[in-house]
Protein chains: 2
Amino acid sequence: MATPVAQLAVSTVIFSLRAGSTLWLPLVRRIREPFEGQWALPGGPLGANESLADSAARTLQQTTGLTPRYLEQLYAFGTVDRSPSQRVVSVVYWALVRPDEAEQATEGENVRWFSADELPELAFDHNTIVEYALWRLRNKMEYSRIAHAFLGERFTLAQLREVYEAVLRRPLDPANFRRQIEAGQSIVATDEYLAGGRHRPPRLYRTNESIDLAENGPLPEQGAPHALR
Amino acid sequence: MATPVAQLAVSTVIFSLRAGSTLWLPLVRRIREPFEGQWALPGGPLGANESLADSAARTLQQTTGLTPRYLEQLYAFGTVDRSPSQRVVSVVYWALVRPDEAEQATEGENVRWFSADELPELAFDHNTIVEYALWRLRNKMEYSRIAHAFLGERFTLAQLREVYEAVLRRPLDPANFRRQIEAGQSIVATDEYLAGGRHRPPRLYRTNESIDLAENGPLPEQGAPHALR
DNA sequence: ACAAAAGTGTTCGGCCTACACCCATGC
DNA sequence: GCATGGGTGTAGGCCGAACACTTTTGT
């Protein structure tokens, strides 16, 4: 077999919400050159018997202990000079995980969560990659239903709205938000209410499983929302 | 260096319009196993000193002799079994070329243009890839200005509308189309008119260079519209 | 004059926005 | 009862769809 011109790696930008209202993502500290000691996106070389999406889900599992609620391919980065030594082409995925799960995620000397808009200088072109992932997340939030992936089984409309507000960084009218979400059929009302609040108890909803979170076209089950089954 | 688990290749789905109203794309005949004799997307291994987008533009040039008016990364395909022998991960681009250029494109025993919705059975998963590229093209046509990439320097609104109608496969109201296009600022009226028609001569327009064809977010000039400069 | 495409005007309805208002609960 | 978020009603504006109508050319 011909010797290749570049190494192939898979990395993942993992988003979660902290305090219900700020975007956080986990980074790993590099333990060898290049960029030893600096923070980088979790990832690594593609395994022999795993697809690209499998690889992304695996490193996600290994670094955070979590299973993604949403996983989608972001982009393949392959400029010649993005790694100073051996050339690397990185296929990057982005993922959403639930905050309640992220709370108990493994964190240690070499894995730490950062606020998405207060990142240090990262290894390679990873700052650019995160910026692009953020752009995609915000874009996709406006025309699809991925917000649900940040939430648990049952949630109130206010919680869902807070997700939108946190990602889009602008306040939304609760009344209009309700109608828009109800018009799309992405959620289903349960007959339960959230007690214990200080005011009128809000109704609890669940996601409508019969409708896909995002329309990804004719891609055959690859990096699509269901990659996690 | 560690031996890699997969070969890295770059392929391109190249679209053009034939007779102003049908989508066509060039395929190349495979001259060795696997899939010897079958038609496949143009592409090949990544070169040592070229970026992914460069590679896509190069094979496009080599197989058709053309320069793309628009070039964008489509997706990275990497399931384990997509090639029967050695595993291959393909980073696929899609491109738009002008019909007048495509007319005089090289065509021969091993390069032929096909109607996009009457394709034969292609090598590997290339039928799926073309379907996905078509989906992206049609999607992007609705919310960006890429239609211009199918046209020459000067064009009439009717010609632009025919591009939309061909790709979206539905008729558009000429009156409303005019206003929508004019509202977006993607075109500029010239003071020339197209004479020689059978009726009232339509005004000629040109693309507004000061506005990008598509908003691709914070990607640093990579596979973006300007990759061709 | 007539046909047909180029181009303009007008109406309608849906959807988003803003905001007034009622409802139900904890304190 | 009162504060507060949950939830409903409603009026205005914008935009796209539909379509009538005027303009300008070739024949």
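Lettering follows sequence order; numbering is per chain, from 1.
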Ring pair (Phe, Tyr, Trp, His ring centres under 6.0 Å) between Phe155(B) and Tyr205(B), worked out: CA-CA 5 Å; Phe155(B) 50 86; Tyr205(B) 293 80; 7.1 Å; no

Rounded to whole Å, how long is the line connecting atom [atom1] of [X] with atom [atom2] of [N]?
X: Tyr193(B); N: dA6(C); atom1: OH; atom2: C1'; answer: 10 Å
X: Leu204(B); N: dG7(C); atom1: CG; atom2: C1'; answer: 15 Å
X: Phe177(A); N: dC15(C); atom1: CZ; atom2: C1'; answer: 17 Å

Sequence-aligned protein contact record of nucleotides 17-26 of chain C, with B where the base is within under 4.0 Å of a protein heavy atom and S where only the sugar-phosphate is: BBB---BBBS

Ring pair (Phe, Tyr, Trp, His ring centres under 6.0 Å) assessment of Phe114(A) paired with Trp39(A): CA-CA 10 Å; Phe114(A) 292 82; Trp39(A) 295 98; 5.2 Å; yes

Terminal contacting nucleotides, 5' and 3', DNA chain D versus chain B (heavy atom, 4.0 Å):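 Result: dG16(D) to dG26(D).
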
Taking all non-hydrogen atoms of both residues, which atom of [X] and which atom of [Y] are closest, and how far apart?
X: Arg82(A); Y: Phe124(A); result: O-CD2, 3.5 Å
X: Leu60(A); Y: Leu66(A); result: CD2-O, 3.2 Å
X: Pro42(B); Y: Pro26(B); result: CD-O, 3.6 Å

[Y] and [X] side chains, donor-acceptor separation under 3.5 Å:
X: Asp54(A); Y: Ser51(A); result: yes
X: Gln61(A); Y: Thr59(A); result: no
X: Glu72(A); Y: Tyr70(A); result: yes

